[in-house]
Number of protein chains: 2
Amino acid sequence: MFLSSYANAHQVAKAALFKEAESLHGLFSRQPIEHLAVGQSLFFEGDEAKHVFEVVEGTLRIFRILSDGRRVITGFLYAGDIVGVSLKERYLYSAEAITPTKIRRIARKTFDEAVSDSDDLRPEIFSRVCDEMAAVQDQLVLLSSKTAEERLCTFLLKLLQRTIAAGNRDTTLELPMTRQDMADYLGLTIETVSRTITKLIGKGVVNVVNPAARHFIKIEKPGMLAQLAGDDSECPEMHRDLMVQGDRRHH
Amino acid sequence: MFLSSYANAHQVAKAALFKEAESLHGLFSRQPIEHLAVGQSLFFEGDEAKHVFEVVEGTLRIFRILSDGRRVITGFLYAGDIVGVSLKERYLYSAEAITPTKIRRIARKTFDEAVSDSDDLRPEIFSRVCDEMAAVQDQLVLLSSKTAEERLCTFLLKLLQRTIAAGNRDTTLELPMTRQDMADYLGLTIETVSRTITKLIGKGVVNVVNPAARHFIKIEKPGMLAQLAGDDSECPEMHRDLMVQGDRRHH
DNA sequence: CGTCCGTTTGACTCATCTCAAATTTGGTGG
DNA sequence: CCACCAAATTTGAGATGAGTCAAACGGACG
C-alpha cells in the first residue's frame, strides 16, 4: 500500500473506526508535548536520526552550514509538519526553532513499526514524502533560474497560499523568520532581500503593516504577486507539441 | 518494514530464495526491453504517471521547461536507476534520452501492489527515495551558494565517484550530455560552463581526451577537483560547539 | 536615554550573463 | 577521400544583477 496515494472505501471506513491509531497525527498525539525556545535546536546535521517529530505549534528552519560558514536553509517547518521521515542513518540538516515551538517526538523504531504495520499510515507517509519531494524540486527550479524579485514573490506567494488554505481571508502574512533566514533560503543576501521588498512596496504589490512591522506583510495585489513569481505554471504543453529536434532555447 | 533501511538476516535468506521476485531489479526483469532513440521522450511533465521505469542502459535527462522557455534539468538518470516512484498523480518533469537508451516499464498499479505485498521491496524503495531526496538537497546547496567553478567540480566529482564505485580504475569520464545540458543542470549558461572547463584545463585539473573530444574528460588531479568542489564535508560540528546566539555569518 | 540587533540604504565591485563571432566536430553526399 | 553544412563548442567584449563593504536608521529593552 505504501505506493498508492489514496485510501479506498474500505480503508476509509477502517480508519474512521480506529481514528487515533490509524492516522499519523493520532500516532503522535499520545506523546508528550515538548517546548523549544527561540533559537533552540531540535537536532543537528549528522546526528543519528533517532526520532521523528511532529510540529504542533511554531516555526522551525532546517539548514546546513557549509565549510566556509555560509548557511543554506533548505526549508521551513510549520504546525502539522512532520520531520525526519525520509532519512536513513543520520539527519541531513539541522533544525532550529524560529519561534517558541511545541513538538512531539516518536522513536524512529516505533514509528517505522507502526507505519509498517498499518495500511492506513503508509499512504499518508508516502503522500507527505511526495509533497516534500515536489517542494524541494520547486525550490531547485527557483534557485537555478529565478531573479531576486521572482524568488521573493514565489516565497511570499507560497506563504499566502498556505494561509488561504488555512481558511484565512486576510492577506496579511506573518513572517516569523528574519530577513537573513529568507536570504539563506532564497539564495540571496540580506541586502538584496531588503531592497527587493522595498521595490515591491514601491510597486504597490505588498505593504508593511504598521505595528510589529517588518514581520507582517500585507499582500495588496495577489494577482500581480503571482505574475512576478514567474511560474505561470510552466509550460510543458508547448514543449510537447513544438518538439523538433534542435529547438533548444536560451538559458 | 517500509522504514527500515536494511534487511535482517532472515530477509536476506528469503531474498536469496526468491531473488527474482523479491528485488526491484527482479521485478522489472520480467518486462520487455524498450528502446529510446537520442532525444526521444520517455514521458512529459504533467502526464498522468501511469508507469514506473527502470533504466537498463543509456542516459536520460529529467527537466522542466519554464514559461519563458528556460529549461531546468533536475537530474540525470543512468543504468540501474528507477524513475517514477515518488510521485502522485502526475509526472513532475519530463524525461528524455540523451544517448540511445534501453528501459523497462511497469504499470504503477502493478508496481504499487508488488511493493505493498513485499517486505523486501519496501526497504529497497525507501532507500532509493532517501537517496533521491539527499541528491536533490545537495543540488539545492550547490545552486544556492556555489560558484561556477565549484559547481562544475562538484558535478565532475560526482561522476568520478560513480565510475570509481562501478569499479573503473581509469579516471577518464564520459560526459554523454551536452554542455547545454550541464549548464541547465548547474544553473549556469553554456558559455560559463565552457569557460570554466577551459580554466580547469589551464590549472591542470582535467584534460580533454583527443578522439571523441569534449565528451571525454580525464581527471588529472582528483584531489584538487575535490578541493575545488568545496564541500569539504560541510561542518555542522563547529556549529554545534561554537553555537552562540548571534554569530550569523556572511552569505 | 543609550545600547543592541535587525533592517534599510548607499556606493562601488565583480561574477556571470548577453550578444556576437570564430572555431571545431560530425555527418553527408559527391 | 574531400568539400561542405549544421550543430556544438569555444572565445571575446561589453552589460548588469546581485554581492560586498560601510554607514544610517529604528524599534526593543533595561
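In what follows, chains carry the letters A, B, and so on, assigned in the order in which the sequence lines appear, proteins first and then strands, with residues in each chain numbered from 1. When reading the values below, keep in mind they use all heavy atoms of this one structure, side chains included, and skip hydrogens, waters and symmetry mates.
To the nearest angstrom, C1' of C:dT8 lies 9 Å from CD1 of A:I190. The nearest whole Å value for the distance from the CG atom in A:L152 to the P atom in C:dT7 is 13 Å. A straight line from CG of B:L188 to C1' of D:dT9 spans 16 Å, rounded to a whole angstrom. In this structure, A:R151 places its CZ atom 11 Å from C1' of D:dG17, rounding to the nearest Å. Atom CZ of A:R179 is separated from atom C1' of C:dT8 by 10 Å (rounded to the nearest Å). Atom NZ in A:K146 sits about 17 Å away from atom C1' in D:dG17, given to the nearest Å. Atom P of nucleotide C:dT18 and atom CG of B:D68 are separated by 10 Å, given to the nearest angstrom. A straight line from CG of A:L186 to P of D:dG19 spans 11 Å, rounded to a whole angstrom.
The phosphate of D:dG19 has OP1 or OP2 within less than 4.0 Å of a side-chain N or O from A:T192. Taking 4.0 angstrom as the limit, A:H215 places none of its side-chain polar atoms (N or O) nearer than this to OP1 or OP2 of C:dG6. Distances shorter than 4.0 Å separate none of the side-chain N or O atoms of A:T147 from OP1 or OP2 on D:dG17. Under 4.0 angstrom from either OP1 or OP2 of C:dT8 there lies at least one side-chain N or O belonging to A:R214.
Residue contacts shown for A:S194 include a base, since a base heavy atom lies under 4.0 Å away.
When each of D:dG19, C:dT8, C:dT16 is scored by its nearest atom to the side-chain atoms of B:A148, the top-ranked nucleotide is C:dT16. Here the side chain of A:T178 is nearest to one of D:dG19, C:dT9, C:dT7, namely C:dT7. Among the nucleotides D:dG19, D:dT10, D:dA22, the one closest to the side chain of A:R195 is D:dG19. With distances taken from any side-chain atom of B:E191 to the nucleotides C:dA20, D:dT20, C:dT8, the minimum falls on C:dA20.
Applying a 4.0 Å cut-off to non-hydrogen atoms, none of the residues of residues 196-205 of chain A approaches DNA chain D.
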Atom pairs and distances, side-chain donor-acceptor, residues 155-168 of chain B, under 3.5 Å, sequence neighbours left out:
| unit_1 | atom_1 | unit_2 | atom_2 | d |
| --- | --- | --- | --- | --- |
| B:K158 | NZ | B:Y185 | OH | 3.2 |
| B:T163 | OG1 | B:L160 | O | 3.0 |
| B:N168 | OD1 | B:D170 | N | 3.4 |

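A donor-acceptor pair under 3.5 Å is absent between the side-chain atoms of B:E150 and the main chain of B:A229, judged by distance alone. Judged by distance alone, the side chain of A:R179 and the main-chain N or O of A:R214 form a donor-acceptor pair under 3.5 Å.
Nearest heavy atom pair, residue B:L143 against residue B:R151, reads O-NH2, 3.2 Å.
In this structure, the ring of B:Y91 has its center less than 6.0 angstrom from the ring center of B:F43.
Under a 4.0 Å N-O distance rule, the pair A:R105/A:E34 qualifies as a salt bridge.
Atoms CG and CD1, from B:D181 and B:I73 in turn, are 4.0 Å apart once rounded to the nearest 0.5 Å.
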